[in-house]
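As a basis for the values below, the full set of heavy atoms in this structure was taken, side chains included, without hydrogen atoms, waters or symmetry mates.
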Amino acid sequence: MRIMTDKPSLDILLCAPRGFCAGVDRAIQIVDLALKKYGAPVYVRHEIVHNKFVVDGLRAKGAIFVEELEEIPEGTEAPVIFSAHGVAKSVPAEAKHRNMFFLDATCPLVTKVHVEAQRHAEEGHDIVLIGHRGHPEVIGTMGQLPPGKITLIETVADAEAFAPRDPNNLALVTQTTLSVDDTSAMVMVLKSRFPNIAVPAKEDICYATTNRQEAVKAVAPRVDAMIVVGAPNSSNSMRLVEVGERAGCRVSVLVQRAADIDWDQFGDISSLGITAGASAPESLVEEVIEAFAERFSVNVEIAVTAEENIAFNIPRVLRQLEEASGH
């Protein structure tokens with residue numbers, strides 16, 4: 001006869017806000033609506049958002065993901081969609097040259113940074129961009145201006161070593177998905193070294209990144225472990241893991257979905273914080289909670305640190321379809 005033992009209890013603190021931001025929601029809607037309106041295939045340049053589950057779901061519906069426009073067959077009439085991270089100016093220029101029909105799913109908050117960089121350049125400033133080298137958003141922002149017009153700063157050491165052509169003629173922009181604290185440290189160095197540097201009136205780091213980091217700062221000190229649901233190539237998700245560690249949580253880990261959980265890390269916990277990066281769907285959060293519920297007697301509490309009610313318009317060519325579908 002098998003004796004059933006009671007499951008250990010686990011208090012789960014669910015960060016709010018978490019998961020999809022307005023820019024990600026809009027980008028996914030654009031691909032979905034384009035597939036409904038034009039049929040498959042729809043080409044998407046780069047992952048529409050950095051989440052394998054989302055990308056695989058859209059691929060199953062008929063989206064074809066490419067890294068460069070040259071991978072798309074000549075003469076195609078299928079729509080081409082640019083990802084939420086934004087693209088260099090050369091990309092739409094090439095698409096026009098090849099007579100492609102394209103839709104731009106760039107997050108409006110990334111577009112805002114592009115516009116700022118161009119305005120500063122027109123005013124004669126040299127631009128300093130705080131960001132991560134090689135990230136699609138950084139490639140897109142740097143690609144708004146001629147080579148050599150933007151200098152990338154990745155660390156405080158970079159900010160301390162930066163030697164501009166004209167120290168009195170600088171302007172600053174940042175990637176939207178950075179660590180708020182790390183960015184502040186770099187901005188402080190740049191402002192102390194170059195008092196005349198033009199900085200954004202409002203942080204370039206987007207509201208969703210800031211809100212999700214603040215939620216983790218509030219929850220991480222109260223729990224034994226922290227899970228961030230997200231992708232390893234998602235900048236905002238990786239920053240959430242770092243924020244959890246810095247806030248004093250001894251185990252702060254990224255998982256893409258429940259199957260990735262290393263249960264050895266969660267053997268003796270009595271409390272767990274869960275959040276999700278801005279490109280991770282809520283279904284994956286629910287999947288993780290269910291996995292813990294199989295092993296623990298869970299009590300879920302939502303820890304609300306901010307309310308979000310922002311939404312962005314989708315391109316006009318898709319808007320009637322959106323209205324018909326009741327979004």
Problem - Salt bridge present between Glu242 and Arg239 (N-O < 4.0 angstrom) - result: yes
Practice task
Determine the interplanar angle of the His125 and His120 rings, folded into 0 to 90°, and report it as parallel if under 30°, tilted if 30 to 60°, perpendicular if over 60°.
Solution key: perpendicular
Handout entry: Over all atoms of both residues, closest heavy-atom pair of Ala218 and Thr305
Key = CB-CG2, 3.7 Å
Practice task
Would you check if the distance from the ring center of Phe266 to the ring center of Phe292 is below 6.0 Å?
Solution key: yes
Problem - Ser297 and Asp6: CA distance, side-chain angles, deciding distance, side-chain hydrogen bond (donor to acceptor under 3.5 Å, both in side chains) verdict - result: CA-CA 8 Å; Ser297 175; Asp6 287 338; over 6 Å; no
Handout entry: Electrostatic pair Arg59:Asp56 at N-O distance under 4.0 angstrom
Key = yes
Handout entry: Lys217 and Glu214 ion-paired at < 4.0 Å
Key = yes
Practice task
In plain terms, say whether Arg18 and Glu308 are close enough for a salt bridge, that is, a side-chain N and a carboxylate O under 4.0 Å apart.
Solution key: no
Handout entry: Residue Glu77 excluded, over 12 heavy atoms near CD under 6.0 Å
Key = no
Problem - Pair Arg246 + Asp182, salt bridge at N-O below 4.0 Å - result: yes
Problem - Reported CG-to-CD1 distance for the pair Leu284 and Ile289, which is rounded to 0.5 angstrom - result: 11.5 Å
Practice task
Enter the distance from Thr177:OG1 to His85:NE2 here, rounded to the nearest 0.5 Å.
Solution key: 7.5 Å
Problem - Minimal non-hydrogen separation, Arg212 against Gly19, with atom names - result: NE-O, 2.9 Å
Exercise for the section: Would you sort out whether Glu47 and Asn233 count as a side-chain hydrogen bond (donor to acceptor under 3.5 Å, both in side chains), showing the intermediate values? Expected result: CA-CA 10 Å; Glu47 291 186 348; Asn233 62 336; 3.3 Å; yes
Completion exercise
Rounding to 0.5 Å, atoms CD1 (Ile81) and CG (Asp104) come to a distance of 10.0 Å
Problem - Side-chain ion pair, Lys149 and Asp126, N-O less than 4.0 Å - result: yes
Problem - Between Asp204 and Gln175: side-chain donor-acceptor atoms closer than 3.5 Å - result: no
Problem - Distance in Å, Asp166 CG paired with Asn196 CG, rounded so as to fall on 0.5 Å steps - result: 9.5 Å
Practice task
Please check if any side-chain donor atom of Glu154 sits under 3.5 Å from a side-chain acceptor atom of His132, or the reverse.
Solution key: no
Exercise for the section: Would you kindly say whether Gln256 and Asn51 are connected by a side-chain donor-acceptor distance under 3.5 Å? Expected result: no
Practice task
Report yes or no: do Glu137 and Thr176 form a side-chain donor-acceptor pair below 3.5 Å?
Solution key: yes
Handout entry: Pro315 to Ile30 - nearest heavy-atom pair and separation
Key = CD-CD1, 3.4 Å
Practice task
Using the side-chain contact (heavy atoms from CB on, under 4.5 Å) rule, take Phe194 and Phe162 through it: C-alpha gap first, then chi angles, then the decisive distance, then the call.
Solution key: CA-CA 10 Å; Phe194 313 111; Phe162 175 50; 3.7 Å; yes
